[in-house]
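Everything below concerns the one structure shown next.
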Number of protein chains: 2
Amino acid sequence: MIKTSVPDSHTKEKIFMAASEIFEEKGYTGARMQEIADRAGINKALLHYYFSTKEQLFKAVFQVLLKKMFEKIFSIFSEEISFKEKIRRFLDEHIEFMIKNPKLPIFLLNELSQNPALLQEIREMVNYQELRDMIYTRHAKELKGYGIRKNDMPQLMVTVVSFSIFPFAARDMLTVIMPQMDDAKKFNAFMRERKEFATDFVVTALKHRKK
Amino acid sequence: MIKTSVPDSHTKEKIFMAASEIFEEKGYTGARMQEIADRAGINKALLHYYFSTKEQLFKAVFQVLLKKMFEKIFSIFSEEISFKEKIRRFLDEHIEFMIKNPKLPIFLLNELSQNPALLQEIREMVNYQELRDMIYTRHAKELKGYGIRKNDMPQLMVTVVSFSIFPFAARDMLTVIMPQMDDAKKFNAFMRERKEFATDFVVTALKHRKK
DNA sequence: ATTACTTTTGACCAGTTGGTTAATCAATTT
DNA sequence: AAATTGATTAACCAACTGGTCAAAAGTAAT
C-alpha cells in the first residue's frame, strides 16, 4: 500500500484558511474549533498543536483580514495621482475588492465593536504624518480649489469610504427597500453601477461646493 | 417583617429590557441567558417561564429593535414635504436617533447577515406601492428637475442612509484614520457636523447633476 | 382558613465546547 | 536498525450553557 504522504505539510496553512472562512462567516463566538478542524480535514488536537487557543487563532486570522482591507485602501491613496483621480481609483478598485470579499466588512466591523483592542496592532502600523500627507497635504492646492477646508477632510473621507463599504455591510437590510438586491448578480451589478454614480456624485459635489 | 412586594410585576418588561441591552451588546451567540436573568434581577428559571427559549426571546427583542430603526426612517419619508426637505429632515433626525442608539446598527447588520430570515416579518410589513410613492412617484417632478432618473433612486437612497448609519457601524474602524474619534463627545460632535455636511453634499450634487 | 392559581426559586441535567494527554505514526539522524 | 524528533490521533475532561422540574411563596376568591 502506497502511503499518500503528500508533501502537503502545509497543515498550518490549511488550518488558517479554514479558520478564516469560518470566523468570517460566524464570528468569534459563533465559530467552533471542531468545525474549523473538520474543514481543515484534521483532528481538533492538531488544531491546538498549531494554535494553542481559539483566541490566538482568531487574532492571527483577524489581523490578516484587517490588514487586507486597510492595505487596499492605503495603497490607492498613496499613489502619485490627483485627489479626484484617487477617489475614482478607490471606488473602482475597492468595490471590486469588496465584490470578492463581501462578508469582510460586517465581520470586521462587528468583531471590532465587540473588542476594540483588536485595532491596536494596525494602529501601531499607521504613520499619521504620512497618512495626513497622502490624503491632505499633498493635495492642499487642489482641495482649496474645491473649497474643501482641512476641517472637512474627515467628513469627506468617511463619505468616500462609506460609498463602497456600507452597501456590503447593510446588504440584507437594504433588501427591505430594494427586494431585487436579493440576487447576488443584481447586487454586484448595482455595486458596479455605483462606481460611476459615486464618482460623479462626489466630483459634482466638490466642483460646485459653496465656499 | 414587611415584605417589599412592590407592585413591580412588570417582570416581563424588566426581562425584555435586560435582554435588549445584552443582545445589542454581545449579539445572539455572545449573549448568555444567565447574564440576562442577572441583569433583570431574577432567576434563570423565571426567564424561561416568560420566554421559553433563547431564540424566542431574541426574536422578540430583535423585531422590536429592527422596527424602531425602520419606523424612524419611514416616518420621515412619508411626510408631506419636498424631497430635498425629506433628506434634510432625515439626516437631522436620524443622526440624533443614532446618537441615542449607537450600538444599534452593527447589531442589526450583523445578526441580519447571520440570519437573513429575521427580515421576513418586516418585509411583510412594507407596502412597496406606498414606499415607491413616498420616495419616488410623489417627487417625480422635483427629481426630474435634478436629472435623477428612476434608475438612480436606489443609489441615491442608499447614499443618504449610509451618511448617517455607516459612521456608527464603522466607528471603531474609523479611529484608525481619525484617532480623535475615540472620544464619544468628539464623535457625536462629528456626527452633528455631518448633518450639514451631508445635506450640502447631497443637495449640491443634485443641483448640478450632469443630465 | 382553605382552595386554586400564578409567580418565583434552588437544584439539577444533558449536551456542548475549548482544551489536554498519552500513545501512535512518520521522517530524519546516528 | 535504533534512536530522536516532530506530526497526528482517539479518548477524555472540566467548565459552561440552555433548559427542566418539583417545590415554595405570593395572591385572590370562596
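Quantities reported herein were computed from a predicted structural model and do not represent experimental measurements. In what follows, every heavy atom counts, from backbone to side chain, and hydrogens, waters and symmetry copies are set aside. Chain A is the first sequence line, chain B the second, and so forth, proteins listed ahead of strands; every chain is numbered from 1.
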Would you tell me if any nitrogen or oxygen in the side chain of [X] comes within less than 4.0 Å of OP1 or OP2 on [N]?
X	N	result
Thr11(A)	dA7(D)	no
Tyr49(B)	dT7(C)	yes
Ser52(B)	dG19(D)	no

Integer-rounded Å distance: [N] [atom2] and [X] [atom1]:
X	N	atom1	atom2	result
Phe51(B)	dG19(D)	CZ	P	13 Å
Lys44(A)	dG18(C)	NZ	C1'	6 Å
Lys54(A)	dT17(C)	NZ	C1'	8 Å
Gln34(B)	dA15(D)	CD	P	17 Å
His48(A)	dT8(D)	NE2	C1'	14 Å
Tyr28(B)	dG18(D)	OH	C1'	9 Å
Tyr50(A)	dG18(C)	OH	P	21 Å
Ile42(B)	dG19(D)	CD1	P	14 Å

Do we see a donor-acceptor contact under 3.5 Å between the side chains of [X] and [Y]?
X	Y	answer
Thr159(B)	Arg194(A)	yes
Glu111(B)	Asn115(B)	no
Gln129(B)	Asp133(B)	no

(request) Name the closest nucleotide to the Leu46(A) side chain, picking from dG18(D), dA7(D), dT17(C). (result)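 The listed nucleotide nearest to Leu46(A)'s side chain is dA7(D).
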(message) Checking contacts here: which listed nucleotide (dG18(C), dG19(C), dT9(D)) is nearest the side-chain heavy atoms of Arg32(A)?
(response)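 Within the option list, the nearest is dG18(C).
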(message) Quick one: does any side-chain atom of Asn101(A) pair with a main-chain N or O of Phe97(A) as donor and acceptor, under 3.5 Å?
(response)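 Yes, Asn101(A) side chain to Phe97(A) backbone: donor-acceptor pair under 3.5 Å.
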(request) For Glu93(A) and Arg89(A), run salt bridge (Lys or Arg N to Asp or Glu O under 4.0 Å): C-alpha distance rounded to whole Å, both residues' side-chain angles, the deciding distance at 0.1 Å, then the answer. (result) CA-CA 6 Å; Glu93(A) 287 195 35; Arg89(A) 286 280 315 270; 2.2 Å; yes
(request) Have a look at Ala31(B) and say if it touches a base, only the backbone sugar-phosphate, or nothing, with a 4.0 Å heavy-atom cut-off. (result)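 Since only primed, P, OP1 and OP2 atoms lie under 4.0 Å of Ala31(B), the category is sugar-phosphate.
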(message) Let me spell it out: for each of Asn43(B) and Asn43(A), pick the nucleotide of DNA chain C with the closest heavy atom. Which residue's pick is nearer the 5' end?
(response)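 Counting from the 5' end, the first nearest nucleotide belongs to Asn43(B).
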